[in-house]
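First the proteins, then the strands, lettered A, B, ... as listed; each starts at 1. Below, each value reflects all heavy atoms present in this structure, side chains not excepted, and no hydrogens, waters or symmetry copies.
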Protein chains: 2
Amino acid sequence: MNTGTEAPRRTRIQQEKRELILEAALEVFSTNGFRGSTIDQIAEAAGMSKPNLLYYFRRKEDIHETLMQRLLDTWLAPLRELDDIGDPMTELRSYIRRKLEMARDFPRESRLFANEILQGAPRIMPLLAGELKTLVDEKAAVIKGWMRAGKIARTDPWHLIFSIWATTQHYADFDVQVRAVLGPNRGGDGRFEDAARFLEQLFLDGLKPKG
Amino acid sequence: MNTGTEAPRRTRIQQEKRELILEAALEVFSTNGFRGSTIDQIAEAAGMSKPNLLYYFRRKEDIHETLMQRLLDTWLAPLRELDDIGDPMTELRSYIRRKLEMARDFPRESRLFANEILQGAPRIMPLLAGELKTLVDEKAAVIKGWMRAGKIARTDPWHLIFSIWATTQHYADFDVQVRAVLGPNRGGDGRFEDAARFLEQLFLDGLKPKG
DNA sequence: CAAATTTTTGACCGATTGGACAAACGTTAG
DNA sequence: CTAACGTTTGTCCAATCGGTCAAAAATTTG
């Protein structure tokens, strides 16, 4: 009765090994990009032979695709949670905080995504112009409502969202540079709290001195 | 009298062809990363055969290295120009504007740099911890002076610089995503002016509604 | 237990990779 | 013209690439 289009049944071993491979592939892909990564690298990182890996994922692209699908769900979760119910300024502040926490806790996911976009998003272009655009447009409308209600200053909601993405993901994607510039003292574990404090002030009050 | 360590003398043809190769390599490296790019791709983009290309640059790494050296000079120029002479707020605003113009006019350079950092900066790490850190520390001191003088709000100067880098370079590195989300209307040529307006407001006043 | 099924691996394949090399070609100075 | 030098290319190479396959090993099922 298996038509070939249903979700495949998987044994316990298959589930475990697939997780192992995806974990290893996340590490490798996020630091070398898709074309820069080899199946051998992933297999070695996963502690298995190349043919064994190919038994679970028949093609290199299949691993990357699976990884990307999972990524986008969790990656956009904070934006999805941006809601119209609470206080706008609080809502935005907690969105920024959540995004920064994700950059801290899931830097590899951020870099995997950055690698894909940097190289022209050849594998997720439809998703960007479809699902992502829809979501952002929806949230931009929410933000516009806040502006009309005088709850936050009037600006471009789309570019506001871009600026939040850029500033928070910077601490994952450019982590090497951030740590190099901050040096051993300021570049330690505390750098994310410093960043959180700074970003909160930036998005709240900007840089103009208080009159 | 050539000791092998002096700067090599180059014919007119050599200079021209080397330029041609570097231009082609910038295109290829910036979209595929170092490992993801092949000499054949660069040679074809430069309109010459692979052995011919290797006559001008003996190794793939040599091309990338030359590209990176040139890049860093021009890339940090705007920050170098940040000076203590003018009005602080104006000075910062024009720094942001210049960085955004560079993201618009030299997106390939931005992506080349982003690719290198994303992959752990294996080839320019010493530069980051050396020359770059020195420059940023110097400018952070200037900004701190402005804060002490009450010219701009007190925050972390290093993270301020990061946020300017992140928000401006985002429009080069994530250009595909920006255009996909903005759509054909808002994502056209005007997007950089929209971004400029938004960033100016963000860094000046933040998002708090005017009382 | 034994049979059926799933998992693992060594060996292998054609294609592509970065690079070497000598020969051919073009250019220029004497 | 010719010798010297600079430029270009076809051919080749070893290493690595993504992926196949049959057979061995391990596991599950009856």
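- With rounding to whole Å, A:Ile42 atom CD1 is found 13 Å from D:dC17 atom C1'.
- Within the cation-pi definition used here (under 6.0 Å to the ring centroid, within 45° of the axis), B:Arg93 does not qualify as a partner of B:Phe203.
- Contact between B:Gln177 and A:Leu128 at its shortest, heavy atoms only, is CA-CD1, 4.1 Å.
- Atom C1' of nucleotide C:dT8 and atom CZ of A:Arg18 are separated by 17 Å, given to the nearest angstrom.
- Rounded to whole Å, atom C1' of D:dT8 lies 14 Å from atom CG of B:Leu20.
- Regarding A:Ile39, its CD1 atom lies at a distance of 17 Å from the P atom of C:dA15, rounded to whole Å.
- In this entry the distance linking CZ of A:Phe34 with P of D:dC17 reads 14 Å, nearest Å.
- Atom CD in A:Gln15 sits about 18 Å away from atom P in D:dT27, given to the nearest Å.
- Considering only heavy atoms from C-beta on, A:Glu61 comes within 4.5 Å of A:Phe34 through its side chain.
- For the pair A:Trp75/A:Gln169, a side-chain contact is recorded, criterion being any heavy-atom separation below 4.5 Å from C-beta on.
- Note: CD (B:Gln14) to P (C:dG26) measures 19 Å, nearest angstrom.
- In terms of heavy atoms, B:Arg111 sits closest to B:Asp173 at N-OD1, 3.6 Å.
- Listed nucleotides C:dT8, D:dT8, D:dC17 differ in distance to B:Lys17; the shortest reach to its side chain belongs to D:dT8.
- If you check residues 47-65 of chain A against DNA chain C, the residues with a heavy atom closer than 4.0 Å are A:Ser49, A:Pro51, A:Asn52, A:Tyr55, A:Tyr56, listed by number.
- Using a 4.5 Å heavy-atom threshold, the side chains of A:Val178 and A:His170 count as touching.
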